[in-house]
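Structure record follows, encoded as structure tokens.
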Amino acid sequence: APYNPWENHIIYSCTKSVVSTLIGIAIDEGYIDADLDQSVLGLFPDWTAKNPSAWKSDMTLRDLLMMSAGLEARDSYLYEWEGLDGLHEARDAIQYMLDLEMDFEPGSRFEYTNGVSHLLSCIIAETTGMSALEFAEEQLFEPLGITGAVWSADTQGHNWGYSGLRITPHGMAKF
């Protein structure tokens, strides 16, 4: 309550599952190279990290997908969402994420990080030329018969990769 079965519901962190599926589709369709060990920085050629380091250079697409990127995002419940406010307030969320300090070596451990899922959404936009929502509608939702999805976005128009997607319960069941 107060939702009805035919209304869109926010799916919160299940949005991350949709985003990772979209990454897989983008790889299958040739938008993204199939090498999961490619550099994250290489996927954002128009951005330069403020504080480059060996660890930051070693951060890979696989690390984002596994939530083991090593960025000191502090954007989960463990940190009372402290870094999530910074991400939301950023003029450029990609730059904000790429400028974060490194907390640990990429791939060395799991750290639930909302911002890395947002970077995945931005990778979809950068490589396909479509927003994550447009790409999802074309490549995932339409084939599954999911209609009317709504997805909030950052100040640059990138759909939030960690949350903000709204679909019906029936659409979620199809997914």
Side-chain angles (χ1 to χ4, degrees), residues 11-76 78 83-84 87 90 92-144 146 151 153-154 156-165 172 175:
I11 63 170
Y12 295 103
S13 286
C14 291
T15 301
K16 295 173 179 76
S17 298
V18 173
V19 169
S20 64
T21 299
L22 294 175
I23 290 286
I25 292 169
I27 289 170
D28 282 348
E29 295 296 318
Y31 291 102
I32 299 173
D33 188 293
D35 179 12
L36 294 181
D37 295 317
Q38 63 187 293
S39 166
V40 169
L41 297 180
L43 289 163
F44 294 105
D46 296 334
W47 284 262
T48 302
K50 176 175 74 174
N51 45 16
S53 69
W55 281 358
K56 195 169 284 188
S57 295
D58 290 345
M59 186 174 45
T60 67
L61 180 57
R62 180 185 313 274
D63 295 326
L64 296 185
L65 289 164
M66 300 298 291
M67 284 201 182
S68 62
L71 294 167
E72 191 176 8
R74 302 178 61 82
D75 63 4
S76 72
L78 294 174
L84 202 54
L87 180 61
D92 183 335
I94 295 171
Q95 192 67 58
Y96 174 85
M97 289 302 299
L98 296 180
D99 286 348
L100 290 173
E101 295 290 335
M102 298 300 292
D103 189 35
F104 57 88
E105 182 178 4
S108 66
R109 74 171 204 241
F110 174 86
E111 173 84 18
Y112 192 90
T113 310
N114 286 294
V116 298
S117 295
H118 187 55
L119 283 177
L120 291 169
S121 174
C122 296
I123 289 168
I124 292 163
E126 290 300 305
T127 57
T128 67
M130 295 179 257
S131 70
L133 177 58
E134 292 167 333
F135 188 70
E137 287 173 335
E138 179 183 295
Q139 297 288 327
L140 180 62
F141 296 162
E142 186 176 312
L144 291 176
I146 297 170
W151 198 344
D154 68 17
Q156 302 294 312
H158 296 107
N159 299 109
W160 289 113
Y162 71 91
S163 187
L165 179 59
M172 189 62 183
F175 173 71

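Keep in mind the model is a prediction, meaning the values are calculated, not measured.
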Looking only at the side chains, is there a donor atom on one of Tyr112 and Lys16 sitting less than 3.5 Å from an acceptor on the other? yes

Might you work through the ring-ring contact (aromatic ring centres under 6.0 Å, His included) test for Tyr31 and Phe135, ending with a clear yes or no? CA-CA 11 Å; Tyr31 291 102; Phe135 188 70; 5.5 Å; yes

When you measure from the side chain of Glu29 to the backbone N and O of Ala26, does any donor-acceptor pair fall under 3.5 Å? no

Say you draw a straight line from CG of Leu119 to CG of Asn114; how long is it, rounded to the nearest 0.5 Å? 11.5 Å

Can you tell me how far apart OG (Ser53) and CE (Met59) are? Round to the nearest 0.5 Å. 8.5 Å

I want to check something: taking the side chain as every heavy atom from C-beta on, are Leu140 and Val18 in contact at a cut-off of under 4.5 Å? yes

Do the side-chain N and O atoms of Asp63 and Thr60 include a donor-acceptor pair separated by under 3.5 angstrom? yes

Does the pair Asp103/Arg109 count as a salt bridge with the N-to-O cut at 4.0 Å? yes

Give a yes or no on whether the backbone of Thr15 and the side-chain of Ser17 come within a donor-acceptor separation of less than 3.5 Å. no

Please determine whether side-chain contact (heavy atoms from CB on, under 4.5 Å) holds for the pair Glu142 and Ile146, giving the CA-CA distance in whole Å, both sets of side-chain angles, and the decisive distance to 0.1 Å. CA-CA 6 Å; Glu142 186 176 312; Ile146 297 170; over 6 Å; no

Could you check whether any side-chain heavy atom of Met130 comes within less than 4.5 Å of a side-chain heavy atom of Glu138, counting everything from C-beta outward? yes

First locate atom CZ of Arg74, then atom CD of Glu111, and finally report the distance between them rounded to the nearest 0.5 Å. 9.0 Å

I want to check something: taking the side chain as every heavy atom from C-beta on, are Asp75 and Tyr162 in contact at a cut-off of under 4.5 Å? no

Among Asp28, Leu120, Thr127, whose side-chain contact (heavy atoms from CB on, under 4.5 Å) with Ile23 holds? Leu120

Using the ring of each side chain (for Trp, its six-membered ring), is Trp160 parallel, tilted or perpendicular to His118, with breaks at 30° and 60°? tilted

Going by distance alone, is a donor N or O of one side chain under 3.5 Å from an acceptor N or O of the other, for Trp47 and Asp92? yes

Interatomic spacing from CG in Asp58 to CG in Asp37 - rounded to 0.5 Å: 10.5 Å

From CG (Leu71) to CG (Leu100), nearest 0.5 Å: 5.5 Å

Stepwise side-chain contact (heavy atoms from CB on, under 4.5 Å) test for Leu61 and Ile32: CA-CA 10 Å; Leu61 180 57; Ile32 299 173; 4.0 Å; yes

